[in-house]
Trainee: 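Have a look at this one before I ask anything.
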Protein chains: 2
Amino acid sequence: MYDGSGAEDGSRIEALRLRCTTFAARRTICYEGDAPTELFQLFDGWAFRYKVTRDGRRQILSFILPGDLIDLPLLGTERIAHAVKALTAISVCVFSRTELADFIYGDAERARRAGAAFAAQSAATDEQMLDLGQRSAFERIARLLNHLAVQLRKRGLAEAEGFRLPLTQSHIADATGLTAVHVGRTLREMRKSKLLSLAQGWLTIEDPESLAAI
Amino acid sequence: MYDGSGAEDGSRIEALRLRCTTFAARRTICYEGDAPTELFQLFDGWAFRYKVTRDGRRQILSFILPGDLIDLPLLGTERIAHAVKALTAISVCVFSRTELADFIYGDAERARRAGAAFAAQSAATDEQMLDLGQRSAFERIARLLNHLAVQLRKRGLAEAEGFRLPLTQSHIADATGLTAVHVGRTLREMRKSKLLSLAQGWLTIEDPESLAAI
DNA sequence: CGGGTCCTTGAGTAGTCTCAACGGCGGTGG
DNA sequence: CCACCGCCGTTGAGACTACTCAAGGACCCG
């Protein structure tokens, strides 16, 4: 995601920040179809984007980690097509949607970087579609957890032995298109085969090579 | 997708076109990891974007219809993370990647429209992830065919009674994350329930309301 | 006429889901 | 401080969706 901190623009984008604020855990930040005038950058905590079918099945589209701009597409459209929910208590920086868009699109270099961010996001969702469409439950879960580990390490948010993972099995299920029960069984398998272990909100990766190879 | 034909820029973008060319049916246009210097806009025919797992399973990410810019993300990155293949014989307009990027990002209004195109694409892939993760085979196939019908009608490429659909059951299978055999069985069900019929490359939608409601 | 691709059908199977019950844990209120 | 309740994870049994393997027929093209 676009993290607004590219090179010499890092300081200038700060000037656009309206304020910072917080949301409680489990709080829904916005709903599908909303047309918010403000746009958030996640500063601390976890959130996720999701959509639901009419009969209530939920698909988690992505997890949002500190540094991510929540809802990059808002730079290109007024109305968002998905909901966003806080997983933990979060704190965010608030920007005006129109001001930020003017700022970014008004300069070729910044627009280009936004384009690069879109491209990166698009590559990530393509990868996810490959997962959802073609891979087994075991592979999907392994890849999701590995992806999160990589992202967190990149941001310096993971210890060597593992990291805090504030997801329930239901969250993992909704992100991978499985049921919570089956996620539980698959995690048990992973634990038994000494690949990783997830308990009490703490993920330990025991065999990083095999995990990355899946 | 970004169709480059927004209002008064329609004529100017034409000036950037290097040439037009064609590709035979089944020809692979580019491979995952390529860094092409040129970028295509599809003029006539069908193509699709896809990715494969290491063991050969293929996921079709999207179908590309006349008017679409092939590989929008190329405006933001040098290297594309998916392959593109012609489904039918196609003809395309060729642009220089860097020239087109300079043209678009150099003007705030054009950059904004590119952002809108990214947002639209992103909303479409989110919808697809909801399909892949949460919906049944029947729903996925119905929604894919309905989506294609809507897109083709929007472009004036569909007759009232139906339209030419140059997909094999394998293509539908790879786009929906199913097997070709199961797609065949599901299409039979749809035929039997008078929802639609697909035969000899021609799709007839018999009950548009029920189809759109799925 | 031969070979390839595509579609269809059948039989058996694997992977994942559904439903249900239970125990642990943490928060809340008495 | 304790009783209660709701959420979460675990386990089991059984069902079902979609897959695999296999064979045959239709069609097209060379």
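All values derive from a computational prediction rather than experimental measurement.
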Trainee: Whole angstroms only, please: what is the CG-C1' distance between L178(A) and dA18(D)?
Mentor: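 About 14 Å, once rounded to whole Å.
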
Trainee: Check if the side chain of R188(A) and the base of dG9(D) share a donor-acceptor pair of N or O atoms closer than 3.5 Å.
Mentor: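 When only heavy-atom distances are counted, R188(A) does not reach the base of dG9(D) through any donor-acceptor pair under 3.5 Å.
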
Trainee: Any base atoms under 4.0 Å from R191(B), or only sugar-phosphate, or nothing? Heavy atoms, all strands.
Mentor: sugar-phosphate

Trainee: Of all the choices, dA20(C), dC6(C), dT20(D), which nucleotide is nearest to the side chain of V181(A) once you look at every atom?
Mentor: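 So the side chain of V181(A) is nearest to dA20(C).
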
Trainee: Kindly indicate whether the side chain of R135(A) and the base of dT16(C) share any N or O donor-acceptor pair separated by less than 3.5 Å?
Mentor: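 No, the side chain and the base share no sub-3.5 Å donor-acceptor pair.
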
Trainee: Out of V92(B), I90(B), I70(B), D34(B), which residue meets the side chain to side chain contact (heavy atoms under 4.5 Å, CB included) rule with I29(B)?
Mentor: I90(B)

Trainee: I need the CH2-C1' distance between W202(B) and dC6(C), as an integer number of Å.
Mentor: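 Taking atom C1' of dC6(C) as the reference, CH2 of W202(B) is at 20 Å.
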
Trainee: Whole-Å distance between dC17(C) P and D174(A) CG?
Mentor: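 In whole Å, dC17(C) P and D174(A) CG are 11 Å from each other.
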
Trainee: Taking only N and O in the side chain of T179(B), is any of them less than 4.0 Å away from OP1 or OP2 of dA18(D)?
Mentor: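 No, because none of the side-chain N or O atoms of T179(B) sits under 4.0 Å from OP1 or OP2 of dA18(D).
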
Trainee: So, under a plain 3.5 Å distance rule, would you say the side chain of R185(A) forms a donor-acceptor pair with the base of dG9(D)?
Mentor: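 No such pair is found, so the answer is no.
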
Trainee: What contact category does G201(B) fall into here, base, sugar-phosphate, or nothing, at under 4.0 angstrom with non-hydrogen atoms?
Mentor: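 Here G201(B) touches no strand at all.
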
Trainee: Just the rounded figure in Å: distance from C1' of dT5(C) to CD1 of I172(B).
Mentor: 16 Å

Trainee: Distance check needed: dT11(D) C1' versus E189(A) CD, whole Å only.
Mentor: 14 Å

Trainee: Within this structure, what is the CZ-to-P distance between R140(B) and dA18(D), rounded to whole angstrom?
Mentor: 7 Å

Trainee: What pairs meet the side-chain hydrogen bond (donor to acceptor under 3.5 Å, both in side chains) rule with one or both residues in residues 202-214 of chain A, with sequence neighbours excluded?
Mentor: D207(A)-S210(A)

Trainee: Take the protein atom CD of Q169(A) and the nucleotide atom C1' of dC8(D), then report the distance between them rounded to whole Å.
Mentor: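 From Q169(A) CD to dC8(D) C1': 8 Å.
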
Trainee: In terms of the nearest nucleotide of DNA chain C, which residue is placed more toward the 5' end: L198(B) or H182(A)?
Mentor: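 Per heavy-atom nearest nucleotide, the more 5' residue is L198(B).
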
Trainee: I'd like to know if the side chain of T88(A) reaches the main chain of W46(A), judged simply by a donor and an acceptor atom lying under 3.5 Å from each other, with no hydrogens or angles considered.
Mentor: yes

Trainee: Nearest to the side chain of S136(B), which nucleotide is it out of dC6(C), dA18(D), dC8(D)?
Mentor: dA18(D)

Trainee: Only one of Q121(A), R155(A), Q41(A) forms a side-chain hydrogen bond (donor to acceptor under 3.5 Å, both in side chains) with D68(A), so which one is it?
Mentor: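 That would be R155(A); it is the only one of Q121(A), R155(A), Q41(A) passing the side-chain hydrogen bond (donor to acceptor under 3.5 Å, both in side chains) with D68(A).
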
Trainee: Enumerate the residue pairs fulfilling side-chain hydrogen bond (donor to acceptor under 3.5 Å, both in side chains) with a member in residues 156-170 of chain B, sequence neighbours excluded, ordered by first and then second residue.
Mentor: T168(B)-H171(B)

Trainee: Output the single nucleotide from dA22(D), dC6(C), dG9(D) whose closest atom is nearest the side chain of T168(A).
Mentor: dG9(D)

Trainee: Atom CD of Q134(A) to atom P of dA18(D): distance rounded to whole Å?
Mentor: 15 Å

